[in-house]
Amino acid sequence: MAHLIEAARAAQHRAARAAARLGSRHPLTRLLLAAAGATAAAAWDRGHRVLDLHRHEHGEPMTTQHTHGPTFGRRVDGCPRCDELDAGAAPVRWSTSRAREDERRRSAEIRAHDCRAAGCAVVCTYGDW
């Protein structure tokens, strides 16, 4: 059933790409938006949750919490999260900075894509996944 999630995600990306390239009033964009909605509804009807369609940005959310107040980078003895950080665990990154980096990288890849050289159709689907 995981293929329904991938199909819904791909349909949504195609519709977004068509809207960006052709505009939201173009008939092809409207057709792709309707297909994306129908695919997402099929996944929902099969029991998939919205969170299955929209993945958590960092994978599983961190469950270990600090047992103390803010210490501004200093570790506290006996705190399980501080012990994890001392052992080499990655610190939590704010989602906005990571999203910004991902968006810049993806925008640069899309700008560098040459539709003529790649032989794209009327609606370019480069970058859809």
Side-chain angles (χ1 to χ4, degrees):
M1 291 215 304
H3 68 280
L4 285 174
I5 299 298
E6 295 304 321
R9 191 174 292 120
Q12 190 273 333
H13 281 285
R14 279 189 212 98
R17 176 67 108 189
R21 185 164 179 155
L22 302 173
S24 61
R25 303 192 91 181
H26 194 277
L28 183 57
T29 301
R30 290 177 180 239
L31 178 71
L32 290 172
L33 284 169
T39 308
W44 178 265
D45 288 342
R46 290 282 182 105
H48 291 289
R49 301 170 305 145
V50 172
L51 293 178
D52 294 335
L53 294 173
H54 303 284
R55 293 184 209 143
H56 189 272
E57 190 169 321
H58 304 290
E60 288 299 314
M62 184 187 74
T63 57
T64 306
Q65 300 293 318
H66 288 282
T67 57
H68 54 81
T71 58
F72 304 101
R74 294 183 301 272
R75 306 285 196 265
V76 173
D77 291 334
C79 172
R81 180 61 184 154
C82 289
D83 292 341
E84 286 179 358
L85 292 169
D86 285 337
V92 175
R93 294 177 64 188
W94 291 96
S95 63
T96 55
S97 64
R98 182 171 184 161
R100 241 182 268 129
E101 289 173 18
D102 290 346
E103 184 61 31
R104 275 191 217 117
R105 179 190 47 79
R106 186 165 184 223
S107 295
E109 289 174 359
I110 291 171
R111 278 193 297 276
H113 174 70
D114 184 8
C115 290
R116 288 192 180 112
C120 295
V122 174
V123 175
C124 173
T125 57
Y126 175 78
D128 289 351
W129 54 81

Point to revise | Straight-line distance of His13 NE2 to Leu32 CG, nearest 0.5 Å | key: 13.5 Å

Point to revise | Atom pair CZ (Arg17) and CD1 (Ile110), whose distance is rounded to the nearest 0.5 Å | key: 4.0 Å

Review point. How long is the span from the CD atom in Glu101 to the CZ atom in Arg106, to the nearest 0.5 Å?
Key: 16.0 Å

Review point. Between Arg75 and Cys79, is any pair of side-chain heavy atoms under 4.5 Å apart?
Key: no

Revision key, fill the gap. With sequence neighbours left out, the residues meeting side chain to side chain contact (heavy atoms under 4.5 Å, CB included) with Ser24 are none

Practice item. Report the residues that fulfil side chain to side chain donor-acceptor pair (under 3.5 Å) with Asp83, sequence neighbours left out, ordered by chain and then residue number. Key: none

Practice item. Flag yes if more than 12 heavy atoms outside Asp114 fall under 6.0 Å of its CG atom; otherwise flag no. Key: yes

Exercise for review: Can you measure from CG (Asp86) to CZ (Arg81) and round to the nearest 0.5 angstrom?
Suggested key: 10.5 Å

Exercise for review: Determine whether Arg25 and Arg30 make a side-chain contact, defined as any pair of heavy atoms from C-beta on separated by less than 4.5 Å.
Suggested key: yes

Point to revise | Gap separating the CZ atom of Arg9 from the OG1 atom of Thr39, nearest 0.5 angstrom | key: 12.5 Å

Check your understanding: Can you tell me how far NE2 of His68 sits from SG of Cys82, rounded to the nearest 0.5 angstrom?
Key -> 3.5 Å

Check your understanding: Same cluster for Leu31 and Leu22 if Ile/Leu/Val/Met/Phe/Trp/Tyr side chains link at under 4.5 Å?
Key -> yes

